[in-house]
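Note on naming: letters A, B, ... go to the chains in the order of the sequence lines (proteins, then strands), and numbering restarts at 1 for each one. Every value quoted in this text rests on a predicted model; they were computed, and no experiment measured them.
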Number of protein chains: 2
Amino acid sequence: MAAPAEKHDVFKAIADPTRREVLRLLAENDRPISEIADHFDMSRTAVTKHLQILTEAELISGRKEGREKIYQLHPEPLTEVKQWLGYYEKFWGNKLAMLRHLVEDDKK
Amino acid sequence: MAAPAEKHDVFKAIADPTRREVLRLLAENDRPISEIADHFDMSRTAVTKHLQILTEAELISGRKEGREKIYQLHPEPLTEVKQWLGYYEKFWGNKLAMLRHLVEDDKK
DNA sequence: AGAATATAACACCTTTTGGTTGTATGTCAA
DNA sequence: TTGACATACAACCAAAAGGTGTTATATTCT
């Protein structure tokens, strides 16, 4: 057993703009590495490294098809981010934050 | 004019677990640096650096009160993350993703 | 004024990230 | 089976992240 203890957490994975762009591309279509790499001004190898990080975060997965490796989106781990965000949502939609700060100010 | 072009984007800011914990602490209460630092097993200097990064992302702000500097949460920038997430939400709650992949498979 | 406390500002070290190039391996198609 | 294409892998490099400690500087209290 022993929990896998996610090697790369989702927050780190989505911290990079390049990786967010990759996710967006894969949201449109499954794509092979070469097609993904064409969208960026960097080497195929560099892109592959980003794909590895995204794979370790389980945000994408790749299947081999002939000589190509097709990557596909796996959005489920993003729920973790959503949950985390949920905690702070109460601070902006309504006036809770403002209220809280007023209370704080009163204490002084 | 000329967009400020956020020096540190929100995604980078929340990528670090320590910084997420700082946000949580400040969500409960405004706190001085020393009180924040007490919650971590690292030097006050290190904590200050995290506070700087969060400040540059405009997630927190500090006001000087006497000889202390009190930090307070500023959750608004998190809306950017929420919006980004919104784009992917359609891929998990409902069956859209599954549907999309079925369509893709049919193409082959 | 002088002591105590809180934060700021350096200088420095180590690990991780993001990128490069070069080489090898496997696959398809003529 | 040979040539073109697609990915894999290793070695290497530069810069940024994350951490340390030491030394100022400012504020409060006695």
Side-chain angles (χ1 to χ4, degrees), chain A residues 5-26 29-73 104 108, chain B residues 5-26 29-74 104 107-108:
Chain A
E6 30 187 348
K7 195 170 178 186
H8 269 286
D9 82 299
V10 191
F11 290 93
K12 281 257 175 65
I14 65 173
D16 188 278
T18 300
R19 289 195 289 268
R20 288 200 298 276
E21 179 72 5
V22 168
L23 292 180
R24 205 194 52 88
L25 288 171
L26 293 181
N29 273 305
D30 297 0
R31 301 177 196 264
I33 297 184
S34 52
E35 195 180 324
I36 298 172
D38 283 347
H39 283 77
F40 299 99
D41 191 25
M42 73 179 84
S43 70
R44 230 176 291 100
T45 308
V47 173
T48 298
K49 286 194 185 180
H50 286 298
L51 293 176
Q52 279 170 3
I53 291 174
L54 287 170
T55 301
E56 282 163 5
E58 302 189 325
L59 278 164
I60 66 176
S61 68
R63 62 178 185 278
K64 237 177 116 185
E65 262 181 34
R67 60 181 164 183
E68 293 187 330
K69 189 161 184 184
I70 314 288
Y71 277 91
Q72 103 186 42
L73 184 66
E104 283 306 303
K108 312 250 159 62
Chain B
E6 26 188 352
K7 195 170 176 186
H8 267 285
D9 83 298
V10 190
F11 290 93
K12 280 258 176 63
I14 66 172
D16 188 277
T18 300
R19 290 195 287 269
R20 288 201 297 277
E21 179 71 4
V22 168
L23 292 180
R24 205 194 51 88
L25 288 172
L26 293 181
N29 273 304
D30 297 1
R31 300 178 197 263
I33 298 185
S34 51
E35 194 179 325
I36 299 172
D38 283 348
H39 284 77
F40 299 99
D41 192 23
M42 73 180 82
S43 70
R44 206 162 45 255
T45 310
V47 172
T48 298
K49 285 193 185 179
H50 285 299
L51 294 176
Q52 279 171 4
I53 292 175
L54 288 170
T55 301
E56 282 163 4
E58 303 189 323
L59 277 164
I60 65 176
S61 68
R63 63 178 184 279
K64 237 176 116 184
E65 261 180 33
R67 61 183 164 182
E68 291 188 330
K69 190 163 185 183
I70 314 289
Y71 277 91
Q72 102 186 42
L73 184 66
H74 237 287
E104 282 307 300
K107 280 198 201 158
K108 311 245 160 67

Taking only N and O in the side chain of B:His50, is any of them less than 4.0 Å away from OP1 or OP2 of D:dG19? yes

note: A:Asp41, atom CG; C:dG18, atom P; distance rounded to Å ~ 17 Å

Hey, are the side chains of B:Met42 and B:Lys49 touching, using non-hydrogen atoms and a 4.5 Å cut-off? no

Whole-Å gap separating C1' (D:dT20) and CZ (B:Phe40): 17 Å

Counting distance only, does the side-chain N/O of B:Asp16 pair as donor-acceptor with the main-chain N or O of B:Thr18 below 3.5 Å? yes

Whole angstroms only, please: what is the CZ-P distance between A:Arg63 and D:dA8? 14 Å

Roughly how far, to the nearest 0.5 Å, is the CG atom of B:Leu73 from the CZ atom of B:Arg24? 12.0 Å

Walking DNA chain C from its 5' end, the first of B:Ile70 and A:Arg44 to be reached, judged by nearest nucleotide, is B:Ile70

Minimum-distance nucleotide to A:Thr45 side chain [options: D:dA10, C:dT7, D:dT7]: D:dA10

Test item: A:Leu26 and A:Ile36 side chains (from C-beta on) under 4.5 Å apart, heavy atoms: yes

Among the candidates D:dT20, D:dG18, D:dA6, find the nucleotide nearest to the side-chain atoms of B:Ala46. D:dT20

May I ask you to verify if any side-chain N or O of B:Ser43 is less than 4.0 angstrom from the OP1 or OP2 atom of D:dT20? yes

Length of the line joining A:Phe11:CZ and C:dT16:P, which is rounded to integer Å: 21 Å

Under 4.0 angstrom between B:Lys69 side-chain N/O and C:dA8 OP1 or OP2: yes

Just how far, in rounded Å, is P of D:dA16 from NZ of A:Lys12? 18 Å

Separation of A:Ile53 atom CD1 from C:dT17 atom P, in whole Å? 6 Å

When B:Tyr71 and B:Lys49 are each assigned the nearest nucleotide of DNA chain C, the 5'-most assignment goes to B:Tyr71

Between protein and nucleic acid, restricted to nucleotides 23-30 of chain C and to nitrogen or oxygen atoms under 3.5 Å apart, what atom pairs and distances do you find?
{"residue": "C:dT27", "atom": "O2", "partner": "A:Arg67", "partner atom": "NH1", "Å": "3.4"}

So does A:Lys12 get a backbone contact from the side chain of A:Arg19, meaning a donor-acceptor N/O pair under 3.5 Å? yes

B:Arg20 and A:Asp9 ion-paired at < 4.0 Å: yes

Whole-Å distance between C:dT5 P and B:Asp38 CG? 14 Å

To the nearest Å, how far apart are A:Arg19 CZ and C:dT17 P? 8 Å

Value for CD (A:Glu56) from CG (A:Leu54), rounded to nearest 0.5 Å, stands at 9.5 Å

Over all strands shown, is A:Ser34 touching base, sugar-phosphate only, or nothing at heavy-atom distances under 4.0 angstrom? sugar-phosphate

